[in-house]
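Below: one structure, written as structure tokens.
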Amino acid sequence: MNADDDVRRYPGFGLFSAIFFAYLYLPIAVVVFYSFNANRIVSNWGGFSLHWYATALSNANLMTAVKTSLLVAAVATVASTLVALMAALVLVRGRDVRFRRISEAVVNLPLLLPEIVVAVAVLILFSEIGLANGMVKLMIAHTTFCIPFAFLPIRARLQGMDLDLEEAARDLYATGWVAFRCVTLPLILPGVFAGAMLAFVISMDDFITSNLLNSGGATTLPVYIFSLIKQGVSPQLNAISTLIMIVSVVLATVAFLLQRRQ
Amino acid sequence: MKAPTKTPDWNVLGLLPAHLIMLLTLIIPIGIIIVVSFSTRGPYGGFEYVFTTAPYKQLLFNEGWTGELEFNPQYLIVVARTLVLSAVTTSICLLLSFPVAYFIALQRPAIKVLLIYLVTLPFWVSMIVRVYSWIIILGKDGVVEKTLRGLGLVDNMDSLLFGNTAMLLGLVYSYIPLMILPIFASIEKLDPALIEASHDLYGNRLTTLRRVILPLTRPGMIAGAILVFVPSLGAVLEPTLLGGGKTMMMGNLIQLQFGGARNWPLGAAIAIVLMAAVMVFLIFQGLRSMRTEGLERAA
């Protein structure tokens, strides 16, 4: 059949999509392109150079910010994934769960609020209870808003799982814990992993909350980048951005392949 | 035999950590935000528990030396700008997303997977980096200005950066993947037989689009509108970096009150207004999708 005769197709949608993908990726390409610029002024091309990557990698403040971000994200990822897994098991599998819909809305509460409101809420909370440690503040706040991001992929995986397998294990006299550890957990592991990965990326990427809480020497990577942007566009900033993008793309690709392999 | 009184309630135990965290870090603090918005500003920032409606009055009025109130729309303009920019962002995202989502949905499975991966990829790339890229593009001597000058279209142009247009561009760019994905999902679910049936009944492509495809993909559009509109309302990075200091949205106005301006009660009051706007929108959309579901069930 000729493509023109396919009534489902609409002329122009293909071209439109091509332009759209160009729009989606051009800004990213511009950042990467100018990161190799030898010239100090970003948009004046002065020849190819890796100089700014060397500068970025030997920037001590940047490395401190990366360490802070990694530590906060690691704690927030483990904590939020565990909490989300427990909640998902009850909300998908539990029998006679009372107030199931409201319970689920509470678990997803950070998604229903603009992030600046979440940020203000934790800021006021920490000031009221007098918590001063910047790292602890960030870990608690990040755990809170990462929970729904860890929860949703786990829930999706649990909903798609065959109940018979777990019942078969129970029929073979496996205790609840053994059935969970040997049957349920391995089956939902891709969902758990995807949830953890999403939580990690959301935490690493967070600006609004980390910026508002920024004190006590806990500056995360996005907050540090923000301070650089405030000082003006620079090729070093482009090099840092490119490095971050490479890590993000690798993570995204791993997560994507994991979710595909069902 | 089970002794029901002795077994721990797994349902309650499993949900306890998640609910406790949300209660302690969000639900109770939001209560405190409400209290703060009715409190007096502290001498060195922060607040004091002395009841006043001053923060809300401050949203609309300037207080003169003798206590007389003079209408001042500065904050109202910020609220209005936030609502308008978010609505326009959502509309543009809807218009751009539908053809793209539809095109992707018609591809072979392998290409479909690849294109969806390409749509989600920018979402994983640091938000601040994506907003920063627009500074390079729109800024003085930026990519757009150089291109236009190179083509001889303009000699000397005002910087495109810092203003409503730059913010709008940044907002659309940031949130459009969140619109494409739900629309794509609802187009995928669409039964192709319905489109063929429409053509068999002499409906042309336009009629089919208007009477069959668009109504049936509405749930996806509503979901996408929520996913784009809500974060746009609370946007902080786009107005801070692309709006410049003067054209603010509610998000960076709140941030300013809790940061440099040190007026927590006013910041809390604006946060309450923002939360109210989000809630009204979510309830409105919830009712709309319930009606759509009701119609589908009735049909």
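First the proteins, then the strands, lettered A, B, ... as listed; each starts at 1.
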Let's test your reading of the structure: which of [options] forms the most heavy-atom pairs below 4.5 Å with chain A?
options: B/P177, B/S126, B/A18, B/A101; result: B/S126
options: B/L237, B/I135, B/L23, B/I254; result: B/L237
options: B/P122, B/A271, B/S97; result: B/P122
options: B/L282, B/T120, B/V113; result: B/V113
options: B/L24, B/I27, B/I104, B/L106; result: B/L106
options: B/L241, B/V230, B/I28; result: B/L241

Indicate yes or no: at least one non-hydrogen side-chain atom of [X] is less than 4.5 angstrom from one of [Y].
X: A/L113; Y: B/V278; value: no
X: B/T240; Y: A/K230; value: yes
X: B/W264; Y: A/V120; value: no
X: B/M22; Y: A/I147; value: yes
X: A/P114; Y: B/L233; value: no
X: A/N238; Y: B/Y132; value: yes
X: B/L118; Y: A/F21; value: yes
X: A/D205; Y: B/W124; value: no

Looking at [atom1] of [X] and [atom2] of [Y], how far apart are the two atoms once the value is rounded to the nearest 0.5 Å?
X: B/I32; Y: A/E128; atom1: CD1; atom2: CD; value: 5.5 Å
X: A/S248; Y: B/R130; atom1: OG; atom2: CZ; value: 9.5 Å
X: A/F226; Y: B/I128; atom1: CZ; atom2: CD1; value: 6.5 Å

Please say whether more than 12 non-hydrogen atoms of neighbouring residues, nucleotides or ligands are located less than 6.0 Å from CZ in B/F123.
->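 Atom CZ in B/F123 is not crowded, with 12 or fewer foreign heavy atoms closer than 6.0 Å.
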
Which heavy atom of [X] sits nearest to which heavy atom of [Y], and what is that distance?
X: A/F16; Y: B/P99; result: CD2-CB, 3.7 Å
X: B/P29; Y: A/L125; result: CG-CB, 3.9 Å
X: B/Q255; Y: A/I208; result: OE1-O, 4.4 Å
X: A/Y25; Y: B/L121; result: OH-CB, 3.3 Å
X: B/V125; Y: A/M245; result: CG1-CG, 3.4 Å
X: A/L24; Y: B/Y173; result: O-OH, 2.6 Å

Per-residue contact mode, [X] against chain B (heavy atom under 4.5 angstrom):
X: A/V30; result: side chain
X: A/T242; result: neither
X: A/I140; result: side chain
X: A/L91; result: side chain
X: A/V249; result: both

Go through [options] and name the one with the most non-hydrogen pairs under 4.5 angstrom from chain B.
options: A/V107, A/L221, A/I28, A/L237; answer: A/L237
options: A/T144, A/L112, A/V122, A/I225; answer: A/T144
options: A/F20, A/F151, A/F126; answer: A/F20
options: A/P222, A/A18, A/A252, A/A87; answer: A/A252
options: A/P110, A/A141, A/A84, A/S127; answer: A/P110

Would you mind checking which part of [X] comes under 4.5 Å of any heavy atom in chain A, side chain (CB onward), backbone (N, CA, C, O), both or neither?
X: B/V131; answer: neither
X: B/L256; answer: neither
X: B/I226; answer: neither
X: B/I176; answer: side chain
X: B/L227; answer: neither
X: B/V35; answer: neither

By ring-ring contact (aromatic ring centres under 6.0 Å, His included) - contacts of A/F13 (at least two apart) |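 Partners of A/F13 by the ring-ring contact (aromatic ring centres under 6.0 Å, His included) criterion, ordered by chain and then number, come out as A/Y10, B/Y102.
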
When you measure from the side chain of B/H19 to the backbone N and O of A/S103, does any donor-acceptor pair fall under 3.5 Å?
->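 Looks like yes, one N/O pair under 3.5 Å.
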
Return the orientation label for the B/W134 and A/Y23 ring planes: parallel under 30°, perpendicular over 60°, tilted otherwise.
->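 Judged by the thresholds at 30° and 60°, the geometry between B/W134 and A/Y23 is tilted.
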
A/T209: partners by side-chain hydrogen bond (donor to acceptor under 3.5 Å, both in side chains), with sequence neighbours left out |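 Partners of A/T209 under the side-chain hydrogen bond (donor to acceptor under 3.5 Å, both in side chains) test: A/E115.
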
